[in-house]
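All residue numbers in this chain count up from 1 along the given sequence.
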Amino acid sequence: MSITANEVAEWMFQELQSAGILHQKEAVEYITRNFGEAFIYVNENGNRAIGKDVKKVFKKLHGGRAAWERDGFFWGWH
């Protein structure tokens with residue numbers, strides 16, 4: 001059975017709910033180890049980032065209640 005972007009996004013949402021914050025670097029490392037490279041890409045700055053398909057589902061799950069903090073590279077509740 002293959003893992004879907006939905007499952008990865010659900011993990012991200014659960015982490016955000018339990019910790020109140022989700023750092024991109026830690027999420028990328030966890031996703032790579034546990035779900036695979038298919039959900040990670042290298043962005044225009046040369047950094048490893050979470051795939052757009054995963055972030056799209058994640059955004060639906062949090063429904064605008066979480067915000068991306070671009071200076072700290074994390075999501076948190078607002």
Side-chain angles (χ1 to χ4, degrees):
M1 188 170 99
S2 61
I3 296 165
T4 66
N6 284 18
E7 290 171 284
V8 179
E10 285 169 13
W11 171 81
M12 289 175 62
F13 186 62
Q14 288 169 358
E15 285 296 303
L16 179 60
Q17 282 186 308
S18 65
I21 191 169
L22 179 64
H23 289 274
Q24 176 168 286
K25 185 178 192 291
E26 292 163 8
V28 165
E29 289 171 6
Y30 183 92
I31 291 166
T32 301
R33 262 194 331 272
N34 295 280
F35 299 114
E37 288 283 339
F39 302 103
I40 303 300
Y41 75 103
V42 176
N43 67 18
E44 63 277 356
N45 297 324
N47 300 313
R48 291 166 44 83
I50 299 161
K52 291 173 180 23
D53 53 341
V54 173
K55 287 192 285 193
K56 187 176 174 182
V57 176
F58 177 63
K59 192 172 185 176
K60 281 184 188 170
L61 290 172
H62 71 64
R65 295 170 302 187
W68 171 249
E69 173 56 55
R70 83 175 343 133
D71 292 335
F73 297 101
F74 65 86
W75 289 271
W77 299 113
H78 66 104

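Expressed to the nearest 0.5 Å, how far CZ of Phe13 lies from CH2 of Trp75 amounts to 13.5 Å. A distance of 5.5 Å separates CG in Asn45 from CG in Asn47, rounded to the nearest 0.5 Å. Expressed to the nearest 0.5 Å, how far CG of Leu61 lies from CD of Gln14 amounts to 9.0 Å.
Nearest approach of Gly76 to Leu16, heavy atoms of both residues: CA-CD1, 4.1 Å. His78 approaches Gly64 most closely through the heavy-atom pair NE2-O, 2.8 Å. Residues Lys52 and Tyr41 approach most closely at NZ-OH, 3.1 Å, considering heavy atoms. Contact detail for Asp53 and Ala5: the closest heavy-atom pair is OD2-CB, 3.8 Å. Between Ser2 and Glu7, the shortest heavy-atom contact is O-OE1, 3.8 Å. Pairing each heavy atom of Gly72 with each of His23, the nearest pair is O-ND1, 4.1 Å.
By the neighbour-count criterion of 12 heavy atoms within 6.0 Å, atom NZ of Lys55 is densely surrounded, having more than that number from other residues, nucleotides or ligands. Other residues, nucleotides and ligands contribute more than 12 heavy atoms inside 6.0 Å of the CZ atom of Arg65.
With contacts defined as side-chain heavy-atom distances shorter than 4.5 Å, the pair Arg48/Thr32 qualifies. Counting heavy atoms from C-beta outward, Phe39 and Ile3 have side chains that approach closer than 4.5 Å. Counting heavy atoms from C-beta outward, Ile31 and Met12 have side chains that approach closer than 4.5 Å.
Remark: Asp71 pairs with Glu69 by the side chain to side chain contact (heavy atoms under 4.5 Å, CB included) rule, at least two apart or across chains.
Val28 and Ile21 sit in two unconnected hydrophobic clusters of ILVMFWY residues. Membership requires side-chain heavy atoms under 4.5 Å apart, directly or through other members. Taking hydrophobic clusters as Ile, Leu, Val, Met, Phe, Trp and Tyr residues chained together by side-chain heavy-atom distances below 4.5 Å, Phe73 shares a cluster with Trp77. Note on Leu22 and Val57: same hydrophobic cluster, where clusters join Ile, Leu, Val, Met, Phe, Trp and Tyr whose side-chain heavy atoms are under 4.5 Å apart, directly or indirectly.
A centroid separation of 6.0 Å or more is found between the aromatic rings of Phe74 and Trp68.
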